Protein chains: 2
Amino acid sequence: MEKNIQEAENYCQQNGLNLTPVRRKVLEILLEKNTAIGAYEILDLLRESGFKNQPPVAYRALDFLVQNGFAHKIEQLNSFIGCMHPGKDHSPAFMICRNCDSVSEEEALTRNFSVSQIASKAGFTVEKAVIEARGLCQSCSDLA
Amino acid sequence: MEKNIQEAENYCQQNGLNLTPVRRKVLEILLEKNTAIGAYEILDLLRESGFKNQPPVAYRALDFLVQNGFAHKIEQLNSFIGCMHPGKDHSPAFMICRNCDSVSEEEALTRNFSVSQIASKAGFTVEKAVIEARGLCQSCSDLA
DNA sequence: TTCCTCCATGATATAACATAACATTCGCGC
DNA sequence: GCGCGAATGTTATGTTATATCATGGAGGAA
């Protein structure tokens, strides 16, 4: 975990990114809990550590972390989780347990995988899958 | 579209479900727009048609529709879209265009598919994919 | 140095999304 | 008629997220 922070710091140095105190603290928070947590819970923890606690503080830090691959947003929970392999180009698939709220990040290879395959590899029983891609549709691509 | 409403009505009859006026109206709204719309926009449209317009009105109808496969929630947009093949057991994948906001529902077969395959079939260029499964993790299954 | 610019943060306010909780109505079987 | 359950009405509030403008601080150019 301390190791992850170190890696993040190195990665930022090498890429001209600024891992400021708030951003670093939010990353620590995310990695300590290893489950998904909401922005306002993060805000509380920030306050406990002496940071300012207005919503934008948390959201800005989270934006930075998500943007740069240090965290992911779990859309179904409106919450955030630290990334297990930052920097690397990857397409994550999350397994969210409805019973214990644990969230595990699996790698969804780009080609020929299925959610159920990923899940069964992780011993996870899927009840509902959300698959949403963002990008450009045919006609908007044509216009470009 | 009128056809879809008919089908919904039949399906409800056969399955002991109650497609009440509000629920029906919300389904109509969803099918007319064929893009994702938010609960509060639906609420406005309901008011225009003489329905009550407190939030619970829309959310309850949406719950019913989602629950019974007549609509889906698009998590990334906090909005809702009518389902193109209600009743049938299916696992949808949504392609959301960042330019024109169109949302298309594709079928994600349960086995051996990939988001990029589905996307390219639909002429869609994926920039970011969200894959989230809800269910039971290994240890919670073991306890059961 | 002085000034400018860029980036990050501080601070206030409000928007957007969603649900809790309790009251009321209505159809249906007894 | 009475009780019950399902749906709706109503009020209030909780939760998540962003817009906007002000402030501060590091680094470069004149």
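The chains referred to below are lettered A, B, ... by the order of the sequence lines, with proteins before strands, and numbering in each begins at 1. As the structure is a prediction and not an experimental result, all values here were calculated from the model. Just the heavy atoms: all of them, side chains too, but no hydrogens, waters or symmetry mates, feed the values below.
- Residue whose closest nucleotide on DNA chain D sits further toward the 5' end, between Pro55(B) and Glu41(A): Pro55(B).
- Between Asn53(A) atom CG and dA17(D) atom P the separation is 17 Å, expressed in whole Å.
- Rounded to an integer number of Å, the gap from Leu46(A) CG to dG10(C) P is 10 Å.
- Between Tyr59(B) and dT19(C) there is no side-chain polar atom (N or O) within less than 4.0 angstrom of OP1 or OP2.
- Counted by atom type alone, Ser104(B) and Glu106(B) present one or more donor-acceptor pairs between their side chains at under 3.5 Å.
- For the pair Ala61(A) and Pro56(A), nearest-nucleotide mapping onto DNA chain C gives the more 5' position to Ala61(A).
- One interatomic measurement links the two molecules: CG of Asp44(A) to P of dT16(D), which rounds to 11 Å at whole-angstrom precision.
- In this structure, Tyr40(A) forms no aromatic stack with the base of dT15(D), since the conditions of centre separation below 5.5 Å and plane angle below 30° are not both met.
- When the P atom of dG9(D) is taken as reference, atom CZ of Phe51(B) falls 9 Å away, rounded to whole Å.
- Here the two rings, on Phe94(B) and His72(B), have centers that are under 6.0 Å apart.
- When the P atom of dT16(D) is taken as reference, atom CD of Glu75(B) falls 13 Å away, rounded to whole Å.
- No more than 12 heavy-atom neighbours from other residues, nucleotides or ligands sit within 6.0 angstrom of CD on Gln13(B).
- Atom CG of Asn18(B) is separated from atom C1' of dT8(D) by 12 Å (rounded to the nearest Å).
- For the pair Leu43(A) CG and dT9(C) P, the interatomic distance rounds to 14 Å; values are reported in whole Å.
- Under 4.0 angstrom from either OP1 or OP2 of dT10(D) there lies at least one side-chain N or O belonging to Lys52(B).
- Look at Arg60(A) and Asp63(A) and you find no salt bridge, because none of the NZ, NE, NH1 or NH2 atoms lies under 4.0 Å from a carboxylate O.
- Dashed line: the shortest gap from a side-chain N or O of Asn78(B) to OP1 or OP2 of dA18(C) is under 4.0 Å.
- The residue from Thr20(B), Val26(B), Leu19(B), Asn18(B) that alone fulfils the side-chain contact (heavy atoms from CB on, under 4.5 Å) condition with Phe64(B) is Leu19(B).
- Proximity of Lys73(B) to the phosphate of dA18(C): a side-chain N or O atom is located under 4.0 Å from OP1 or OP2.
- Atom pair Leu17(A):CG and dC7(C):P shows a separation of 12 Å (rounding to whole Å applied).
- Distances shorter than 4.0 Å separate some side-chain N or O of Arg23(A) from OP1 or OP2 on dA8(C).
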